[in-house]
Q: 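A single structure is presented below for examination.
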Amino acid sequence: MTYWDKEKECMPREQLQKLQLRRLQETVYRAYAFVPAYKEKMDQVGVKPEDIKRIEDISKLPFTTKQDLRDNYPFGLFAVPMSDVVRIHSSSGTTGKPTVVGYTDKDIDTWSELLARALYCSGASKHSVVQVSYGYGLFTGGLGAHYGAEKIGASVIPTSGGNTHRQIMLMQDFETTELMCTPSYALFMYEVMREMGINPSELKLRAGIFGAEPWSENMRREIETKLGIDAYDIYGLSEIIGPGVAIECNKKAGLHIGEDHFIPEIIDPETCEVLPEGEAGELVLTTITKEALPMIRYRTRDLTTLNMERCECGRTHARMAKVLGRSDDMVIIRGVNVFPSMVESVLLNIPGVEPHYLLVVDRKGNLDELEVHVEVSEQVFSDEVRKMESLGLQIGKELESALGIAVRVRLVEHKTIERSEGKAKRVIDKRNI
Amino acid sequence: MAKQISVFLENKVGRLAHVTRVLGEAGINIRALSIADTSDFGILRIIVSDPAKAYQVLKDARFTVSETEVIAVQVPDSPGGLASVLEQMTEQELSIEYLYAFLGTKGDDALVIFKVEDISRARKIFNEKGIKFLDENTLYKL
């Protein structure tokens, strides 16, 4: 087992908690002193920085949400003067004002360290050729991954997203050993490789670190088989720091949260109560070293569970399960919570069916209807209507038993569901509620 | 025996036009066709002058395509001609998945394309009963 920073990654939990408490106290003091919005929120509930005496006291602090970032657009939550900010990233802002995040020099270094740990987990080293196919720019994926790969001394190919034919040509010619992109883009690359007549087993590619969207274990198996590589999950969100908040080791038994930099909690998304270890709920994260943009109890909207047990790999940092879905990607249909990832798992279990799908939710009269579009691949196509109809019925039945609601399956032509080069769009909600 | 090209088509405007345009531009002639349709999709089945090429150009144009083994049966072009062929098939319990007419004729006979469950058994029975069917090279050149 190789570690990038064994002392931090394998720190005994008692010692780790002492470190967390000290860093949490510092963070809360700074946020209270330098960010009026944090002071106001804490004053409202009557909490002072000196009330944080033990690590459990974190639950006294108010939550921060995406709305707080919007309300303080663009730099209102920054805790340092702009002269200390060396980098700004931002969301695309498709659902309103973009959320803006800032980094000091030290924040960038922390972030690079986290990515360096992730790359070491996947077996990368300075001998690696790392292709970064996350978008470069305002999105945190590209530059975040890039700095981490440079930190370990790998040769970095900053291809960014898009232009897939060229990506694959470079992958072949430059002998890429590790690929970093979204899991759906990795599968799309595979399709394009096939079209170009390239056999993935002839490439030097040995591992991929995939993130920025939830993906299932089935999808991991599919990527690993098709591309002939090891696929690792990486988790992050720009509000906290970007990719690298949690990383998967080679045991692939949960993602280690960088607990020397973040404190995780799991809450019930409805009641906001902190849930005991092992229960599924919304992940809440507090940054404890971030200078430019401290985040106190940030509600990620990502649903997962936490496991505090020491991992077989030797790391002591808490592990979060693969994200089950996002509470805002979730669609509620006739009172039932439906996550796109559930649909994906079902499809991947039907031989020959590919995980390219779209959920279309509509309201007919007073009834919500879910239609799932599934692509017909050559393996499942038949010239007989009867067989095609029974395929549709089979998919529908399996979806119904997994989701618990009636599903209408619509078979669509191969490669007509938009392939995403960033985050895949899985849901169209046509209801006007 | 003959090769039929089958294409999956969504019920969307212009899809059929697109298939036929792709074939036309590749210099491929359609000799027989049928469409099985449902409310969401249709399956186009065609006999063409060059099935291997048709398969490739349609695949390149990103259609979902497959090759299907069918049998082109010569049917007397007179009242009761098809009935007598079908009756003999029924007698032998040969199940038919579907059938459709071919545009051309062979001598005095009409041609009907059959998709049967068990094609080798069908050939054997047709030979025994004296029902004529075309080999594929003759069919594509008609």
Side-chain angles (χ1 to χ4, degrees), chain A residues 164-165 188 190-198 347 350-360 362 364 369-396 399 406-419 428, chain B residues 1-19 22 32-48 51 54-72 95-100 113-119:
Chain A
T164 310
H165 279 81
F188 179 64
Y190 169 77
E191 283 181 7
V192 178
M193 282 178 198
R194 292 289 303 270
E195 278 170 20
M196 293 167 72
I198 290 171
L347 294 182
I350 304 174
V353 174
E354 293 175 0
H356 300 298
Y357 61 92
L358 185 67
L359 277 64
V360 181
D362 206 350
K364 302 255 166 75
E369 284 186 357
L370 173 62
E371 187 173 82
V372 177
H373 293 191
V374 181
E375 283 188 5
V376 173
S377 67
E378 212 156 293
Q379 291 109 289
V380 297
F381 174 51
S382 162
D383 58 306
E384 291 171 32
V385 170
R386 194 161 44 91
K387 289 191 182 149
M388 295 306 289
E389 285 186 329
S390 72
L391 173 72
L393 288 174
Q394 186 203 350
I395 296 172
L399 284 173
V407 178
R408 200 182 109 74
V409 172
R410 186 188 182 95
L411 297 175
V412 301
E413 286 175 34
H414 201 208
K415 297 181 178 171
T416 51
I417 291 174
E418 197 185 328
R419 299 295 191 270
I428 293 177
Chain B
M1 267 190 291
K3 286 206 169 57
Q4 164 192 288
I5 298 296
S6 314
V7 189
F8 180 83
L9 292 176
E10 269 177 73
N11 278 356
K12 277 198 300 203
V13 179
R15 296 308 287 159
L16 189 55
H18 189 195
V19 177
V22 167
L33 106 175
S34 94
I35 293 179
D37 67 316
T38 71
S39 55
D40 290 341
F41 63 86
I43 298 168
L44 172 69
R45 299 146 179 169
I46 46 176
I47 302 292
V48 294
Y55 177 84
Q56 199 51 51
V57 295
L58 289 173
K59 204 173 148 65
D60 291 346
R62 302 192 149 212
F63 283 101
T64 308
V65 202
S66 71
E67 278 184 346
T68 314
E69 295 281 336
V70 291
I71 192 158
S95 16
I96 301 164
E97 302 291 352
Y98 53 81
L99 61 100
Y100 54 99
I113 308 293
F114 280 85
K115 164 79 188 277
V116 292
E117 206 175 57
D118 185 345
I119 200 159

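These values consider heavy atoms only, across backbone and side chains, with no hydrogens, waters or symmetry-generated copies. Below, chain A is the first sequence line, B the second, and so on; all start at residue 1.
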Q: What part of Val409(A) lies closer than 4.5 angstrom to a heavy atom of chain B: side chain, backbone, both or neither?
A: backbone
Q: Go through the atoms of Ser66(B) and report whether side chain, backbone, both or neither lie under 4.5 Å from a heavy atom of chain A.
A: both
Q: Any chance you could measure Asp383(A), atom CG, to Gln4(B), atom CD, to the nearest 0.5 Å?
A: 5.5 Å
Q: Quick one: does Thr64(B)'s side chain have a donor or acceptor within less than 3.5 Å of a partner on Val376(A)'s backbone?
A: yes
Q: Between Phe8(B) and Glu378(A), is any pair of side-chain heavy atoms under 4.5 Å apart?
A: no
Q: Could you tell me which portion of Ser382(A) (side chain, backbone, both or neither) has an atom closer than 4.5 angstrom to a non-hydrogen atom of chain B?
A: backbone
Q: Does Lys59(B) have more than 12 heavy atoms from other residues, nucleotides or ligands lying within 6.0 Å of its NZ?
A: no
Q: Tell me, out of Glu384(A), Met388(A), Arg386(A), His414(A), who's got the most heavy-atom pairs with chain B below 4.5 Å.
A: Glu384(A)
Q: Answer yes or no: is there an ion pair linking Arg15(B) with Glu413(A), defined by an N-O contact shorter than 4.0 Å?
A: yes
Q: Do Leu411(A) and Asp40(B) have side chains that get closer than 4.5 Å, going by heavy atoms?
A: no
Q: To the nearest 0.5 Å, what is the distance between CD (Glu375(A)) and CD (Glu10(B))?
A: 9.0 Å
Q: Measure distances from Leu44(B) to the heavy atoms of chain A and classify the residue's part below 4.5 Å as side chain, backbone, both or neither.
A: neither
Q: In terms of heavy-atom proximity below 4.5 Å to chain A, should Arg45(B) be classed as side chain, backbone, both, or neither?
A: side chain
Q: So, taking the atom named CZ in Phe63(B) and the one named CZ in Phe381(A), what distance separates them when rounded to the nearest 0.5 Å?
A: 11.5 Å
